[in-house]
Amino acid sequence: MTRAANTATGDATGSGNAGAARSAGPMTDPLAIYLNDHLLGATSGSELARRVAKRHAMSPAGATLLRVADEIAQDRAALLRIMHGFGLPVRRYRTAAGWLLEKAGRAKTNGFLVRRSPLSSVLELEALRLGVEGKRLMWQALHALEGPRSAVLDEEQLTGLLRRAREQSATLEELQLKAATGVLDGG
């Protein structure tokens with residue numbers, strides 16, 4: 001089979017740049033890769049936020065953490081809608097990886113073998129804040145899109161998602177600092 005035939009049939013095993021001659025499809029589209037990577041993080045973050053809120057349900061921060069967990073789940077759903085609007089595939093294995101990543105994060109060493117360490121809350125709140133910052137940067141990047149793809153986006157929605165990410169970050173920073181002070185001050 002010639003290189004031209006390889007390209008026409010989609011066979012990238014031909015010599016030279018036969019595969020590069022094809023246009024970027026959903027498997028190689030940078031936006032699809034970028035948003036699927038963020039979906040992995042959103043899945044992991046949503047699971048973590050739900051677990052943290054449940055663990056602290058009876059604490060003074062319980063209602064706040066529940067609200068943040070609900071918002072993070074809503075933000076993940078918004079990301080899925082945006083991906084659908086772009087016609088981008090959702091890589092289910094990435095979603096599953098995000099779910100597994102959160103479960104594996106529970107096995108980290110925390111100085112205690114059997115029970116939960118007081119340091120766990122500090123680290124979980126830090127992880128949530130890092131995830132929210134990543135999400136904020138994604139919303140910001142989408143907000144900055146120009147050209148045909150920007151027509152798919154609802155600017156008002158993105159502005160709201162950006163504002164909410166900033167508020168979540170500030171809330172998580174405050175909660176993390178309170179938790180850290182209680183644990184790291186020798187408590």
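Note that the numbering runs from 1 along the sequence shown for the chain. This one's a predicted model, so the numbers in the text were calculated from it and none came from an experiment.
- Criterion: ILVMFWY side-chain heavy atoms under 4.5 Å apart, direct or through other members. Under it, Leu66 and Leu48 are not part of a common hydrophobic cluster.
- Leu130 contributes atom CG, which lies 10.0 Å from atom CG of Leu172 (distance to the nearest 0.5 angstrom).
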**OP:** Please assess Leu35 against Met138 for the test side chain to side chain contact (heavy atoms under 4.5 Å, CB included), listing each intermediate value before the final yes or no.
**Re:** CA-CA 8 Å; Leu35 294 182; Met138 177 197 57; 3.8 Å; yes
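- Residues Leu161 and Leu137 fall into different hydrophobic clusters, defined by Ile, Leu, Val, Met, Phe, Trp and Tyr side chains chained together at heavy-atom separations under 4.5 Å.
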Original post:
Does the pair Glu167 and Arg164 meet the rule for a salt bridge (Lys or Arg N to Asp or Glu O under 4.0 Å), with working shown?
Top reply: CA-CA 5 Å; Glu167 291 167 359; Arg164 184 158 69 182; over 6 Å; no
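- Smallest separation of non-hydrogen atoms from Leu125 and Ala179: CD1-CB, 4.1 Å.
- Scanning all heavy atoms of the two residues, the minimum distance from Leu175 to Ala61 falls at CD2-CB, 3.7 Å.
- Applying side-chain hydrogen bond (donor to acceptor under 3.5 Å, both in side chains) to Gln168 and the options Arg67, Lys135, Glu133, Arg136 leaves one that passes, Lys135.
- Side-chain heavy atoms closer than 4.5 Å link hydrophobic residues (I, L, V, M, F, W, Y) into clusters, and following such links, possibly through other members, connects Leu31 to Leu79.
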**OP:** Any chance you could lay out the side chain to side chain contact (heavy atoms under 4.5 Å, CB included) test for Val68 and Val52, step after step, and finish with the verdict?
**Re:** CA-CA 10 Å; Val68 169; Val52 169; over 6 Å; no
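- With respect to the salt-bridge test (charged N to carboxylate O, under 4.0 angstrom), the residues Arg129 and Glu126 do not qualify.
- Between Val132 and Asp75 the shortest side-chain heavy-atom distance does not fall below 4.5 Å.
- The distance from atom NE2 of His38 to atom OG1 of Thr43, rounded to the nearest 0.5 Å, is 12.5 Å.
- Expressed to the nearest 0.5 Å, how far CZ of Phe86 lies from CG of Asp29 amounts to 9.5 Å.
- Using a distance-only test at 3.5 Å, with no hydrogens or angles considered, no donor-acceptor pair links the side chain of Ser44 to the main chain of Leu40.
- Side chain of Asn36 to main chain of Pro89: a donor-acceptor pair is present (N/O by atom type, distance under 3.5 Å, no hydrogens or angles).
- The distance from atom OG of Ser169 to atom CD of Gln176, rounded to the nearest 0.5 Å, is 10.5 Å.
- Nearest approach of Arg81 to Gln74, heavy atoms of both residues: NH2-O, 4.5 Å.
- Salt bridge annotation for Arg51-Glu124: present, with a cationic side-chain nitrogen under 4.0 angstrom from a carboxylate oxygen.
- With values rounded to the nearest 0.5 angstrom, His56 atom NE2 is found 12.0 Å from Thr64 atom OG1.
- Between Leu88 atom CG and Tyr34 atom OH the span is 13.0 Å, to the nearest 0.5 Å.
- One hydrophobic cluster, built from ILVMFWY side chains closer than 4.5 Å, cannot hold both Leu177 and Leu184; they sit in different ones.
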